[in-house]
**Student:** 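Below is a structure I'd like to ask you about.
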Amino acid sequence: MDKETEGVKDDYKDSLNFIEKIIEEDISNGCKEIITRFPPEPNGYLHIGHAKSICLNFGLALKYSGKCNLRFDDTNPVKEDTEYVDSIKEDVQWLGFNWAGEYYASDYFDQLYEWAEELIKKDKAYVDDQTQEEIRLSRGTVTEPGKESPFRNRTVEENLDLFRRMKNGEFNDGDKVLRAKIDMAHPNMLMRDPIMYRINHTEHHRTGNKWCIYPMYDYAHGESDSIEKVTHSICTLEFDVHRPLYNWFIDNLEIFPSRQYEFARLNLTYTVMSKRKLLQLVKENFVLGWDDPRMPTIIALRRRGYTPESIRLFVDKVGVAKRDNIIDLGLLEYCVREDLNKRVLRRMAVLDPIKLVITNYPEGKKEIINCVNNPEDSDSGTREVEFGRELYIERDDFMENPPKKYFKLSPGGEVRLRYAYIIKCQEVIKDEDGNILELHCTYDEQSHGGGSSDGRKVKGIIHWVNANTAKTAEVRLFDRLFSKENPDISDKEGGTFLDNLNSDSLKSVHAFIEPSLCDSEVGDKFQFERLGYFCKDRDSLPDKPIFNRTVTLKDTWAKLSAK
Ligand code: ATP
Ligand code: MG
């Protein structure tokens, strides 16, 4: 290899994440097909953290022409439900991925059971009659070895008999467990005779009442990987201490050697990301459901107006790290702006209206103005919007006593109406209490389309809607669900993440919108000029459209990252 191509190869290697480096190494050592899996437990809806795992697992399979399975890790009958299975499948597909196989850990219960018997026969597993509490107390500590169970040395025959009777339902929950026989003095506490099976007389969402013993995560997970011949089993960092156990089961059963690799889980500011906590928010009505647009779930982000592309871009920018970190929510917002800016249509809407009358504009005159649909996309064309004598503008775009260098509307000041004329504010009409009712303005008839009667220019441009033709809509303005960067830390003694809920995270306003917005479908996305990106909500009625604000136009991320 000459110097130049050597350099290219090194650059390429540098741009690979650590898992890709491992995979390329494995391929060069003869690994024929890369198989990964995404293994959710169907006990809740997927969140943006899962999106990272999905993009990583499916992305690697795509990149290396391998396979990625969707495997439901449904070994705990208590918390699982088919509602969650369906939502998970929908979310993965919505993100843009297709699984090679759809599997359920519960489909492997027979095989797992057989392997458990095999370990018993090899004298590598035993039935323990101790209570959960006794087992916990005899585990020892990080500095002290554990104590062996008085049942540890049962004969293979006795263990087999008891395990079969456990399976046949002869015992009550908690009476017995099956434990791996490893080493009660092992420096890794998880290796001190971990529990493989517990008795649980609970109906399972797929296997019904067939089983009353269920395998523990550590026993089921690696074996399921092995059954599917998963080559790279990728999980989050906290599982690194489980790796020796993962390998121990596979090595002692002498089955396909799947291997586990850990990466840093995604954490986001102003968000909680554990399903248990998200479930609590739903159950205790702190939010309106799993798809409440303030939630970090995929289904909520989608309802809010996020696109699969924006989420994939985000995951890409976050990268794959080996150390835990917290990502600024601003980055996620930046990514959705990036994506929507390029492709959504612009429309005008006024969220906090103030009436504006152009006193020198002929009464009854109808004028059609051509407005650009998307300046970033010349194929998107223009649309016709009716102009008129009475308009609404944003209350925020007027100031009675403006500071210096104020470029929006003020008494005696001039501003351009987007795509239309320059207007000058002549009079502020107020009620008895001093509240502004109307602004009376004049317009420069020659200023249409960018010019003016005497060549003067104005700095400010504001948006508007026609008071006679505008429709009304409900617009939902969301803020962060939590008021603290890390909601898990409560300032109150013994407090919880609930103490950090932002009591002001949902505001609903009645807006005036361009009539064309009424023709849109649920899920359609727009940029409301100067305000942000909005998505039509599923609660909309034919005569009452509702729009969710996905994100404002203000970019906090670019500023942050430039620092
Ligand atoms: P939670 O703690 O939110 O309940 P979990 O890890 O129990 O999450 P699973 O359904 O077991 O949820 O997760 C499926 C896969 O998604 C696992 O491989 C898990 O490691 C991964 N995953 C879960 N949360 C994150 C996250 N925040 N970042 C990256 N990957 C995640
Ligand atoms: Mg889990």
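Remember, it's 1-based here, ligands and their atoms both numbered in the order they're listed.
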**Student:** Would you check whether K275 has a nitrogen or oxygen atom less than 3.5 angstrom from a nitrogen or oxygen atom of ligand 1?
**Tutor:** yes
**Student:** Within the supplied structure, the quantity of interest is the number of heavy atoms (other residues, nucleotides, ligands) at a distance under 6.0 Å from K277 NZ; does it exceed 12?
**Tutor:**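 For K277, atom NZ is crowded (more than 12 foreign heavy atoms under 6.0 Å).
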**Student:** Can E309 and R343 be counted as an ion pair, charged N to O under 4.0 angstrom?
**Tutor:**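 A salt bridge links E309 with R343.
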**Student:** With heavy atoms only and a cut-off of under 4.0 Å, state how H47 meets ligand 1: side chain, backbone, both or neither.
**Tutor:** side chain
**Student:** Pairs of nitrogen or oxygen atoms closer than 3.5 Å, one from C235 and one from ligand 1: do any exist?
**Tutor:**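 No; every N/O pair is 3.5 Å or more apart.
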**Student:** Is there a polar contact between ligand 1 and R276, counting only N or O atoms under 3.5 Å apart?
**Tutor:**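 Checking ligand 1 against R276, no N or O pair falls under 3.5 Å apart.
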**Student:** Any nitrogen or oxygen of R265, side chain or backbone, less than 3.5 Å from one on ligand 1?
**Tutor:** yes
**Student:** I'd like the name of whichever of E41, R37, R71 reaches closest to atom 11 (O) of ligand 1 through any heavy atom.
**Tutor:** E41
**Student:** Mind checking whether M273 has an N or O less than 3.5 Å away from an N or O of ligand 1?
**Tutor:** yes
**Student:** Which is it for F239 and ligand 1 at heavy atoms under 4.0 Å: side chain, backbone, both or neither?
**Tutor:** neither
**Student:** Should we say atom CD of E238 is surrounded by more than 12 heavy atoms from elsewhere, each under 6.0 Å from it?
**Tutor:**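 Enclosed.
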**Student:** Could you list which atoms of ligand 1 come closer than 4.0 Å to a heavy atom of P40?
**Tutor:** 10 (O), 14 (C)
**Student:** With no hydrogens and no angle check, just 3.5 Å: does a side-chain donor-acceptor pair link S310 and D339?
**Tutor:** no
**Student:** Taking distance alone, with N or O pairs closer than 3.5 Å, would you say H50 contacts ligand 1?
**Tutor:**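 Checking ligand 1 against H50, an N or O pair does fall under 3.5 Å apart.
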**Student:** Are a donor atom and an acceptor atom from the side chains of D128 and S149 found within less than 3.5 Å of each other?
**Tutor:** yes
**Student:** With respect to atom 21 (C) of ligand 1, which of P296, S233, S53 exhibits the smallest heavy-atom separation?
**Tutor:** S53
**Student:** Going by the atom numbers of ligand 1, which of them fall below 4.0 Å from some non-hydrogen atom of S274?
**Tutor:** 3 (O)
**Student:** Just which atoms of ligand 1 are under 4.0 Å from any heavy atom in P39?
**Tutor:**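 In order of number, 14 (C), 18 (O).
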**Student:** Show the atoms of ligand 1 that are less than 4.0 angstrom away from any heavy atom in T236.
**Tutor:**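 Heavy-atom distances to T236 below 4.0 Å select 20 (O), 29 (C), 30 (N), 31 (C).
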**Student:** Can the positive tip of R179 be found less than 6.0 Å from the middle of the six-membered ring of Y126, inside 45° of the ring normal?
**Tutor:** no
**Student:** Would you confirm whether the ring centroid of Y246 sits within less than 6.0 angstrom of the ring centroid of H242?
**Tutor:** no
**Student:** For ligand 1, is there an N or O atom under 3.5 Å from any N or O atom of L266?
**Tutor:**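 Among all N and O atoms of L266, at least one is under 3.5 Å from an N or O of ligand 1.
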**Student:** Parallel, tilted or perpendicular: which fits the ring planes of H50 and F38, with parallel below 30° and perpendicular above 60°?
**Tutor:**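 Perpendicular.
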**Student:** Does K322 make a cation-pi contact with F18, if we ask for NZ or CZ under 6.0 Å from the ring centre and within 45° of the axis?
**Tutor:**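 Here K322 passes the 6.0 Å and 45° test against F18.
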**Student:** Please state whether the rings of Y108 and Y103 are parallel, tilted or perpendicular, taking 30° and 60° as the class boundaries.
**Tutor:** tilted
